[in-house]
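Please read the structure below before turning to the comments.
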Amino acid sequence: MTTDAERTDALGSFGRYAGPATLILASLADGPKHGYALTKDIEAIASVTLAPGTLYEALRRIETLGLIVALAAEDRRKPYELTAAGATALRSHLSTQRQIAEVGLKRLAGTWGVA
Amino acid sequence: MNAERAARWCTRAYPASWREHYGDEFECLLEDQWADGHVSLRSATGVIASGVLTRATHLGLRPRSDIARAQRLSGAWGTVAATVFVLFGAAIWSQLTIGWQWAPPSSTGTRGAMWVMTSSMAFFALLALVSLAGFARRWARQVIRGGDRVLVASSLALLGGATTFIVGAIHFSRHWPGTHGHPWANQGLVPGGVGAFAWSATQSITAYWAHPTALAHFPAADVAWMALSPLALGCALAGLVGVAARVSAPTTRPLWWFRAVGANMFLFLFGSLWWLVDGDAGPRNLYHKGAIDVIDVIVMSATLWWCVSSLFRRVPAEN
């Protein structure tokens, strides 16, 4: 049984798959996508090319946690959709990341000046 | 090699169950990525390596994921702790049950404690049956489907250990002093056979280990049973942990089940402490408290803490 709190914390416990999982969830935030569309979108938004094995391992993990759900296959390509729990987890994770980014940038500006 | 053939060939590196779920779409992704007809060697090697690692994961050679690993460890320790608790609890309870077969306790405290402990033991049995019923079908289905050697080995260890333990306990319970031809047999809270089985199953937990001279007067077969029964139980437990790690992963037990186990352990411990602090040794000293009982309660308290800390630790579940 997975509680909402556990799902919200889930990305933090993904280890080396936290990055790919965050990218996938962020990509799905504007609508369902299948594997290839996901890799292309992630390349566009983050300049990161996810290897197929990494992509599907991350997909398996976040699907198992109920953060995404597979829709009916279209010509063998199965699109994935963000669930409400996935949206909550992504929002929480990104808020934490933004806080870290803001603090880091502020400290950099204080010590090293504005770039 | 064209993209379609290369994709199909590389996807075969993954285990069949994975391919059943993701195979088609994964092949499509590879075909799309390699659509220009140029199959990247680096990408193909990466896919095959991922497939081999996934196979290793399915064989149990690698943890399924960070979360699953934490869950598996947590569940395994919880199961071991709960079983040790029940074993030590049954050792106390069976002695008192034997006492009641001869003469009921004279104090209200011991009577109350026995009611609490007996109810708790019955609830443990019910919880075990409920979890076995929910588990057996998935377990059998996965074993029949085949291809999982670790599951088969774990199943053999579980069945072999449990059969040896149960058959041995039934055999040695025939020497039970509680009903040994005594006309008052079966006047306790539970049928004499149940008490006899619990006594026989927990014969290894005894103060006689500290008194080798007294132990030497026991029949050799009984001493062998006292020494070997924990090994049989350990074998069954190791098998159970192995089976549970592979079979219960897709459907994690509901939280109420863990809460029920933990609450019932608290209940039994309360009953044991109630009996320990009750000063009355009962008729013919049948409810006498010894050092072994204090040790039992200490072990139960430690395993309860161990069990609760592992079962109730906040570990994100797999589904």
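Not measured: the values here are computed from a predicted model. Proteins get letters first, then strands, A, B, ... in listed order; numbering begins at 1 in each. Because only heavy atoms are used, hydrogens play no part in the values below, and waters and symmetry mates are left out as well, while side chains stay in.
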> Would you say Tyr56(A) and Trp18(B) make side-chain contact, with heavy atoms under 4.5 Å?
Replying inline: yes
> For Leu38(A), is it the side chain, the backbone, both or neither that has a heavy atom under 4.5 Å from a heavy atom of chain B?
Replying inline: neither
> Taking side chain as C-beta onward, heavy atoms only, is Pro52(A) less than 4.5 Å from Phe26(B)?
Replying inline: yes
>> Testing the basics here: between Asp32(B) and Arg77(A), what is the closest heavy-atom pair and its distance to 0.1 Å?
In response: OD1-NH2, 2.8 Å
>> Whether Arg76(A) and Glu25(B) form a salt bridge (side-chain N of Lys/Arg under 4.0 Å from carboxylate O of Asp/Glu) is what I want to check.
In response: no
> Any side-chain donor paired with an acceptor under 3.5 Å for Glu57(A) and Tyr22(B)?
Replying inline: no
> Going from NZ on Lys78(A) to SG on Cys28(B), what distance comes out if it is rounded to the nearest 0.5 angstrom?
Replying inline: 11.0 Å
